[in-house]
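Everything numeric in this text was worked out from a predicted model, so none of it was measured. Just so we're on the same page: letters track the sequence lines, and every chain starts at 1.
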Number of protein chains: 2
Amino acid sequence: MERHIDAESRGRPEDAGLAGVPEAALTSLLDPAELRAWRAFLTRHARVARRLEGDLIARSNLPLAEYDVLFQLALAEGRRLRMNELADRVLLSRAGMTRLVDRLAADGLVSRAKCASDARGYFAVLTAGGLARLEAARPGHIAAVRRFFLDSYTAPELETLAEFLERSQPLD
Amino acid sequence: MERHIDAESRGRPEDAGLAGVPEAALTSLLDPAELRAWRAFLTRHARVARRLEGDLIARSNLPLAEYDVLFQLALAEGRRLRMNELADRVLLSRAGMTRLVDRLAADGLVSRAKCASDARGYFAVLTAGGLARLEAARPGHIAAVRRFFLDSYTAPELETLAEFLERSQPLD
DNA sequence: CTATAGTAATTGCCTGAGCAATTATCTGCA
DNA sequence: TGCAGATAATTGCTCAGGCAATTACTATAG
């Protein structure tokens, strides 16, 4: 693609504006403590999620979202969940879940079953192969969760952190 | 797409296996407190990020990633940053940043400037229009950050939370 | 000074996910 | 009963973003 370049920049950016206030600063709408907490939340999540995803794919060739679906199904009554419910638990759109289950079904890790009480509905059902795959991936993944996240905290700190993060948000 | 359906499922899932232990439960590798904290972290982030993104697009027609780039540039010395540095701050791959800056440049919100001290390098530079766009979006966005996240905490809690989330992770 | 290794940024290619529209089914109300 | 509106799931479309390869330039070792 053709790119238009406006101007040259001399020297390193640190050289500019050292004499005083550089440009009119942004009026601060968040105090530093608020900004710090918010950025820390975003940053920590992005870092942990990336490393975990990389680790899980390298070790078990499973993306985090697929792992999560297998995990939710393994916990569920009858090892099955409606597409809807699954999308809610994994925090994915319904369309996204349809395709995710498509992929898992293509790999034989889940199958679909019609819902007898509602002809519109389907269950995603964990297969034996899916359970085996999950069990194989789980120890390594959990070790990674510890290494990248849980190990940073003592037991009482974890309680506090969980309580903080579980606080409900407005629904509007 | 053609889908293969294995079996029918009678009744609602709650009807199955109420008589006792349903299936062999997953051996627990995380204790409940650990699992709870970890899931809370994932869930809270997913929820907050989605609502924030929706809000920001609805209000200002800016995706969060674009907002974030404008914000980082506005804070930077000379309102410019190397592509590299920008990618690190926004936690995006370099390739992703190239394209993100492409889009912002197409909208006139940033421009590119060659780096005089390293001919391989470019700066992304915030334009006046970009700054205006950021300033227009900022109050609403910050209000949303408060509503969906910050308002859940008192000032001392925010300090604690920030400290928790800033803890460093292993680098290997 | 040259060759070799390293780094900045970009591009090709591909995948995963969201929105809006669609289809099939269900529910409630006249 | 039968119709209007909600709901379950899927599909078409589109787009953002990652990895690996590429290009251009810089730094270093001999």
Hits for side chain to side chain contact (heavy atoms under 4.5 Å, CB included) against A:Ala33, two or more places apart or cross-chain, chain-then-number order -> A:Asp31, B:Glu159
For B:Glu85 and C:dT7, give me the distance from atom CD to atom C1', rounded to whole Å. 15 Å
Once side chain to side chain contact (heavy atoms under 4.5 Å, CB included) is applied, do any residues pair with A:Leu56, and if so which ones, sequence neighbours excluded? A:Ser60, A:Leu62, A:Leu64, A:Tyr67, A:Ala137, A:His141
Contact pattern, 5' to 3', of nucleotides 16-24 of chain C - B, S or - by protein heavy atom under 4.0 Å: SSBB----B
Give the rounded distance in Å between these two atoms: CG of B:Leu81 and P of C:dA8. 14 Å
Spacing of B:Tyr122 atom OH relative to D:dC25 atom C1', expressed in whole Å: 11 Å
Integer-rounded Å distance: C:dA8 P and B:Arg112 CZ: 16 Å
Could I get the full list of side chain to side chain contact (heavy atoms under 4.5 Å, CB included) partners for B:Arg50, not counting sequence neighbours? none
Atom CG of A:Leu56 and atom P of D:dG18: how far apart are they, to the nearest Å? 17 Å
Can you list everything that forms a side chain to side chain contact (heavy atoms under 4.5 Å, CB included) with A:Asp88? Sequence neighbours excluded, please. none
Using the test salt bridge (Lys or Arg N to Asp or Glu O under 4.0 Å), find all partners of B:Arg146 that sit at least two apart in sequence or belong to another chain. A:Glu34
Rounded to the nearest angstrom, tell me the gap between atom CG in A:Asn84 and atom P in D:dT7. 10 Å
Residue pair A:Asp151, B:Arg167: steps toward the salt bridge (Lys or Arg N to Asp or Glu O under 4.0 Å) verdict: CA-CA 10 Å; A:Asp151 283 353; B:Arg167 291 194 186 165; over 6 Å; no
In whole angstroms, how far is the C1' atom of C:dT11 from the CE atom of B:Met83? 13 Å
Rounded distance (Å) that lies between atom P of C:dT15 and atom CG of A:Leu62: 16 Å
